[in-house]
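The sequence lines fix the lettering, A, B, ..., with proteins before strands; numbering per chain opens at 1.
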Amino acid sequence: EADIYQTPRYLVIGTGKKITLECSQTMGHDKMYWYQQDPGMELHLIHYSYGVNSTEKGDLSSESTVSRIRTEHFPLTLESARPSHTSQYLCASSESGSHNQPQHFGDGTRLSIL
Amino acid sequence: AQSVTQPDIHITVSEGASLELRCNYSYGATPYLFWYVQSPGQGLQLLLKYFSGDTLVQGIKGFEAEFKRSQSSFNLRKPSVHWSDAAEYFCAVNTGNQFYFGTGTSLTVIP
């Protein structure tokens, strides 16, 4: 089993609050990703990182930010939450190198903004 | 553009029956293909992957998938479905720069 952890699992919070979703992995993977998942939709990549101090935005426009100060930690921050941010957020990691390396996923954070 | 299509949004099968979930991809180069399963409240778990060699790959939980380049397909199969297989299934392609996921197929298993 992959060792990638997301906290909190569930969060219900009011509009305008600052939120940080945590993601940590113990596998030493260089690559880490954040996806947004809504029912009936494909996973949308919102941020990714190929190593420490490296972060990029994905295909889906997002008002969130990420940081990668340590290899194992890749937190996602929403400075001011809005109802449109209500979704499930999945964190993943993978090894560098060949394209055949799969992504390993955390159990997700289900976020509800009131 | 790269993409993954899962034409079946929802499939219902009886326990013990065979299963095939369809996946078609669009990618010009050699694809690196994956199937994942997601149970409610959980993340995606890797079932199997294909990147070269034998076009029939075996995965966990008794699943297998067959890569057909001529049809740009990578269909997932299982000979006999168990009630615990009820979940959402995602096909994905890795282009080297990014993973692209399909919209998923929801599987219901009836007794």
Side-chain angles (χ1 to χ4, degrees), chain A residues 1-11 21-25 27 29 31-50 54 56-60 87-112, chain B residues 1-11 23-54 57 59-61 65 67 74 87-106:
Chain A
E1 292 294 326
D3 296 314
I4 181 165
Y5 308 99
Q6 292 186 240
T7 57
R9 290 294 313 280
Y10 305 92
L11 180 61
L21 307 184
E22 302 287 350
C23 177
S24 294
Q25 50 97 5
M27 297 169 283
H29 289 168
K31 296 182 177 180
M32 295 189 74
Y33 313 82
W34 275 103
Y35 290 92
Q36 187 170 332
Q37 182 184 29
D38 295 301
M41 307 285 288
E42 66 265 36
L43 276 68
H44 288 291
L45 181 67
I46 48 177
H47 293 284
Y48 61 98
S49 167
Y50 284 171
S54 157
E56 301 288 344
K57 290 194 173 186
D59 293 338
L60 182 67
S87 187
Q88 168 141 284
Y89 293 84
L90 293 174
C91 181
S93 71
S94 67
E95 292 184 38
S96 296
S98 174
H99 303 335
N100 66 354
Q101 297 300 325
Q103 292 187 348
H104 301 272
F105 285 83
D107 285 337
T109 293
R110 184 162 295 281
L111 180 62
S112 295
Chain B
Q2 300 85 356
S3 69
V4 177
T5 302
Q6 293 182 246
D8 303 306
I9 297 173
H10 185 237
I11 285 182
C23 173
N24 293 97
Y25 66 90
S26 172
Y27 181 54
T30 300
Y32 296 84
L33 297 161
F34 304 82
W35 273 102
Y36 287 86
V37 60
Q38 184 180 32
S39 297
Q42 296 186 10
L44 278 66
Q45 180 185 18
L46 179 69
L47 283 175
L48 48 79
K49 64 181 182 181
Y50 169 81
F51 59 95
S52 68
D54 194 348
V57 293
I60 63 171
K61 304 185 181 187
F67 170 61
F74 188 55
E88 189 90 15
Y89 291 81
F90 292 90
C91 181
V93 61
N94 183 4
T95 65
N97 292 322
Q98 188 169 329
F99 268 73
Y100 293 88
F101 289 85
T103 52
T105 298
S106 177

Report task. Using a cut-off of 6.0 Å, state whether more than 12 heavy atoms not belonging to B:I60 lie near its atom CD1. Result -> yes
Requested in this report: Determine the minimum heavy-atom distance between B:L48 and B:F74, stating which atoms define it.
Outcome: CD1-CZ, 3.6 Å
Query raised in the report: Where is the tightest heavy-atom contact between B:V4 and B:C23, given as atom of each residue plus distance?
Result: CG1-SG, 3.7 Å
Requested in this report: Before giving the answer on side chain to side chain donor-acceptor pair (under 3.5 Å), spell out for A:Y33 and A:S49 the whole-Å C-alpha distance, their side-chain angles and the decisive distance to 0.1 Å.
Outcome: CA-CA 6 Å; A:Y33 313 82; A:S49 167; over 6 Å; no
Part of [X] lying under 4.5 Å from any heavy atom of chain A:
X	result
B:Q38	side chain
B:L44	both
B:F51	side chain
B:F90	side chain

Query - Region of A:Y35 that comes under 4.5 Å of a non-hydrogen atom in chain B - result: side chain
Query - Interface moiety of A:L43 toward chain B, non-hydrogen atoms closer than 4.5 Å - result: both
Query - Selection from B:G102, B:S52, B:G104 maximising heavy-atom pairs under 4.5 Å formed with chain A - result: B:G102
Query raised in the report: Do the rings of A:W34 and A:Y89 sit parallel, tilted or perpendicular, given the 30° and 60° boundaries?
Result: perpendicular
Query raised in the report: Strictly by modelled atom types, are A:S87 and A:D38 linked by a side-chain donor-acceptor pair under 3.5 Å?
Result: yes
Query raised in the report: Would the B:F34 and B:Y32 ring centres measure less than 6.0 Å apart?
Result: no
Query raised in the report: If you tally heavy-atom pairs under 4.5 Å against chain B, which of A:E42, A:K31, A:Q6, A:M41 wins?
Result: A:E42
Query raised in the report: Picking from A:H44, A:Q37, A:R110, which has the most non-hydrogen pairs under 4.5 angstrom with chain B?
Result: A:Q37
